[in-house]
Structure formats: C-alpha cells, structure tokens
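Reviewing the structure listed below.
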Amino acid sequence: MIVPGLVSVTFRHLDVPRVVELVTEAGLSAVEWGGDVHVPSGDVETAELVRAQCASAGISVAGYGSYYRAGASDPSEVDRALRTAVALGAPRIRVWAGTWGSRQITPGKRAEVVSALRLCAHAAAAEGVEVALEFHRNTLTDTLESTQRLLAEIDMPNVTSYWQPRGAQDTKEAVDEVRALLPRLPTVHVFSWGAGWGENRLPLGERADLWEAVLPELDDDGVDRYALLEFVPDDHPAAFRRDAGTLLGWLNRLR
C-alpha cells in the first residue's frame, strides 16, 4: 500500500500543530519531519512531543529528515540525529551522500563518503533504524547509476534510497529509475516541476503523465511505501490541499 503524506519542510513557516492540522484536514496519513525547523537535531524533548501529537491525530511518522552530509558533517551529528529519530518514532533517517556530484568527486573523497555512510548505517542498525539516502543533485545519488553503485559499496541491508523527479523529467526515465531502485525504495517525494531545479513549481496534476506511471510501479509488489508531497507552489496551504486531493485521487484508482 502507498501511504500518502507530507514532507514537513514544505511548511517551514508553520508550527508543528498547524502542520499536523493541515495533514489531517487534507486526508493524508503521514509526515516526514525535518531536522532544521520542526524537530531540530538533538532536541529529544521536541521529538517526543511531536511524536505524541502525531499519535493523537492518527498520523504516522514516515521518517526523520536530517541534514547530515556524509563525509562533510561532523560525525557527532549522526548520534544526535539518531537519538532524535528514535525519540520521534521514525523508522528511518534521511541522510545526504556528501556534497559533491558523482561526476566531480575524486575517488578518495568518494571512499570517505562511503565510509561515513557505512558507520552511520551501523549506528542506525543498533537502534533498529533504516538509513535512507536523499536522491539529489550535488551528491552521490545524483544519477541512478551512482546511486546503485553507492548502495553496493555501502553493502548494508538497512540502507535504502529515496526517489524524486527532476524538473521536466521524461516519464519513461522516471519509471526506469523507480523500477531499478525497487525494492530498496521506501519513500518518494511527490511534486511536479517544469524545466530547471525548482524554479517552476507546477500544480501536481500537470505531471499526471509521470505520476500516473510511477505510482503503479510503487504499488506493484505489495510493499508499504510513502508518497510524500513537497514543493507545493508558493508553499501555500491552498496549493497543498489541491495537490493532496490530486494524489489521493490517483491512489484511490489503484485500490
């Protein structure tokens, strides 16, 4: 089953109770909480409060969106982020595969990123937590090929990868990426963009060609996954409600 939800950084300007309210009003079921504003890394007390608010509202915690960058961040950030994720009740922690794109990084720097991610994965495994790699430019997950190579280099069963589309991405290419990442793909970030990197945010329905092809792939093997809205136009609640309705409509047709 695909569980619909929200990436909380979509509404950095709103507090936690309002984010929870918007999610429930929209009929969604989960939130990935960001580690920069809503649940700061190391703030266990806030994490416990947010966990309780989600439970009270019947919302699941899809993950903890950390800003730990392997090979660049202070290694002590792993412990702070993990303690926060555990207090939040997050099944996984999102991390970033360095700060260099796969075509620019040197072999030595790549090895440093892999080593840091492996250490992070071992620490997370001890807490029963997955490590999910953000699928993003300027990291080692900027292409499908580099992501697959990275997962093989880390070689840890609790390490997975997110997926999200690139601006104006070809539908077949998007489907091919998703198929290749399965079954190690727990979460997709759902949005529609025109050309460029986020400069042209579109209503979700304007890329129906892409999402109506991708979502059935995610639903095909019977594994529970999250589809989390992000980057709604103007970060506006009205745009979020519209896009949530679009996403729920697509998911209802899969059932």
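Predicted model only: the values in this text are computed from it and were never measured. Positions are given from 1 along the sequence.
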Beyond-backbone contact of [X] with [Y], side-chain heavy atoms, under 4.5 angstrom:
X: Thr187; Y: Glu130; answer: no
X: Phe240; Y: Leu204; answer: no
X: Cys120; Y: Val95; answer: yes
X: Thr141; Y: Ser146; answer: no
X: Thr99; Y: Thr139; answer: no
X: Trp96; Y: Tyr67; answer: yes
X: Thr171; Y: Arg207; answer: yes
X: Val113; Y: Ile105; answer: yes

Kindly say whether [Y] contributes a backbone atom to a donor-acceptor pair with the side chain of [X] at under 3.5 angstrom?
X: Arg12; Y: Val37; result: no
X: Arg92; Y: Val131; result: no
X: Thr147; Y: Thr143; result: yes
X: Asp235; Y: Phe11; result: no
X: Asp234; Y: His236; result: no
X: Thr24; Y: Val20; result: yes
X: Asp43; Y: Val39; result: no

Check the angle between the aromatic planes of Trp163 and Trp211 and answer parallel, tilted or perpendicular using the 30° and 60° thresholds.
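It falls in the perpendicular class, over 60°.
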Which pairs pass salt bridge (charged side-chain N to carboxylate O under 4.0 Å, His left out) with one or both residues in residues 45-60, sequence neighbours excluded?
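Applying salt bridge (charged side-chain N to carboxylate O under 4.0 Å, His left out) to every pair that reaches into residues 45-60, excluding sequence neighbours, yields nothing.
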Can you pull out every salt bridge (charged side-chain N to carboxylate O under 4.0 Å, His left out) where at least one residue sits in residues 104-129? Sequence neighbours excluded, please.
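Found Lys109-Glu112, Arg110-Glu153.
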[atom1] of [X] to [atom2] of [Y]: how many Å apart, nearest 0.5 Å?
X: Ser161; Y: Glu177; atom1: OG; atom2: CD; value: 9.5 Å
X: Thr46; Y: Leu88; atom1: OG1; atom2: CG; value: 10.5 Å
X: Arg201; Y: Asp243; atom1: CZ; atom2: CG; value: 11.0 Å
X: Ser102; Y: Asp142; atom1: OG; atom2: CG; value: 3.5 Å
X: Trp33; Y: Gln53; atom1: CH2; atom2: CD; value: 7.0 Å
X: Ser8; Y: His38; atom1: OG; atom2: NE2; value: 5.0 Å

Count the heavy atoms belonging to other residues, nucleotides or ligands that lie under 6.0 Å from CZ of Arg103, then report whether that count exceeds 12.
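Count not over threshold, so no.
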Looking at Asp221, I'd like to know if its CG atom is crowded, meaning that more than 12 non-hydrogen atoms belonging to other residues, nucleotides or ligands lie closer than 6.0 Å.
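Counting neighbours around CG of Asp221, more than 12 heavy atoms of other residues, nucleotides or ligands fall under 6.0 Å, so yes.
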For [X] against [Y], the heavy-atom pair lying closest together:
X: Arg69; Y: Gly98; result: NH1-O, 2.9 Å
X: Val44; Y: Ala87; result: CG1-CB, 3.6 Å
X: Ala227; Y: Ile2; result: CB-CG2, 3.6 Å
X: Met156; Y: Arg184; result: O-NH2, 3.2 Å
X: Leu22; Y: Pro237; result: CD2-CB, 3.9 Å
X: Trp100; Y: Gly71; result: CH2-O, 4.0 Å

Could you walk me through whether Lys172 and Asp209 pass the salt bridge (Lys or Arg N to Asp or Glu O under 4.0 Å) test, one step at a time?
CA-CA 10 Å; Lys172 182 182 182 303; Asp209 61 305; over 6 Å; no
Could you state whether [X] and [Y] fall into the same hydrophobic cluster, counting links through intermediate Ile, Leu, Val, Met, Phe, Trp or Tyr residues with side-chain heavy atoms under 4.5 angstrom apart?
X: Val31; Y: Val86; answer: yes
X: Tyr226; Y: Leu251; answer: no
X: Val3; Y: Ile93; answer: no
X: Val50; Y: Val9; answer: no
X: Val23; Y: Val232; answer: yes

Salt bridge between Arg225 and Glu217, side-chain N to carboxylate O under 4.0 Å?
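Salt bridge: no.
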Electrostatic pair Asp219-Arg253, nearest N-O below 4.0 angstrom
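Looking at Arg253 together with Asp219, the answer is no, because their closest N to O distance does not fall below 4.0 Å.
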Test side chain to side chain contact (heavy atoms under 4.5 Å, CB included) on Val190 and Val188; report intermediate values, then the result.
CA-CA 6 Å; Val190 179; Val188 297; 3.9 Å; yes
Checking side chain to side chain contact (heavy atoms under 4.5 Å, CB included) against Leu117, which of Leu133, Val159, Val78 comes through?
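Per the side chain to side chain contact (heavy atoms under 4.5 Å, CB included) rule, the option paired with Leu117 is Leu133, out of Leu133, Val159, Val78.
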Using the side chain to side chain contact (heavy atoms under 4.5 Å, CB included) rule, pick out the option among Val223, Thr160, Leu218 that qualifies with Leu185.
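Among Val223, Thr160, Leu218, the one that satisfies the side chain to side chain contact (heavy atoms under 4.5 Å, CB included) with Leu185 is Leu218.
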Can Ser41 and Glu77 be counted as having a side-chain donor-acceptor contact under 3.5 angstrom?
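Yes, a side-chain donor-acceptor pair sits under 3.5 Å.
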We want to know whether Glu32 and Tyr162 form a side-chain donor-acceptor pair, criterion being a heavy-atom distance below 3.5 angstrom.
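Their side chains do contain a donor-acceptor pair, which is all the 3.5 Å distance test asks for.
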Could you list the residues that satisfy ring pair (Phe, Tyr, Trp, His ring centres under 6.0 Å) with Phe191, not counting sequence neighbours?
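Residues passing ring pair (Phe, Tyr, Trp, His ring centres under 6.0 Å) with Phe191: Trp193, Phe231.
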Who are the ring pair (Phe, Tyr, Trp, His ring centres under 6.0 Å) partners of His122, not counting sequence neighbours?
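Result, ring pair (Phe, Tyr, Trp, His ring centres under 6.0 Å) vs His122: none returned.
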In sequence, state the C-alpha distance, the side-chain angles, and the governing distance for Leu144 and Leu181, and then conclude on side chain to side chain contact (heavy atoms under 4.5 Å, CB included).
CA-CA 8 Å; Leu144 172 63; Leu181 290 172; 3.9 Å; yes
Should Arg242 and Thr246 be marked as a side chain to side chain donor-acceptor pair (under 3.5 Å) after you check the CA-CA gap, both sets of side-chain angles, and the distance that decides it?
CA-CA 6 Å; Arg242 178 200 59 219; Thr246 299; 5.7 Å; no
Step by step, would you call Glu173 with Asp176 a side chain to side chain contact (heavy atoms under 4.5 Å, CB included)?
CA-CA 5 Å; Glu173 182 183 52; Asp176 288 346; 5.6 Å; no
Can you see whether Phe135 has Arg166 sitting over its ring - NZ or CZ less than 6.0 Å from the centre and within 45° of the normal?
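Ring-cation test returns no.
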If the condition is side chain to side chain donor-acceptor pair (under 3.5 Å), which residues does Gln148 pass it with, not counting sequence neighbours?
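Counting only residues at least two positions away or on another chain, Gln148 forms no side chain to side chain donor-acceptor pair (under 3.5 Å).
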Share the residues that join Leu49 in a hydrophobic cluster, the rule being Ile, Leu, Val, Met, Phe, Trp or Tyr side chains under 4.5 Å apart at the heavy-atom level.
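Leu49 clusters with nothing; isolated.
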Should Leu228 and Thr10 be marked as a side chain to side chain contact (heavy atoms under 4.5 Å, CB included) after you check the CA-CA gap, both sets of side-chain angles, and the distance that decides it?
CA-CA 10 Å; Leu228 306 178; Thr10 303; over 6 Å; no
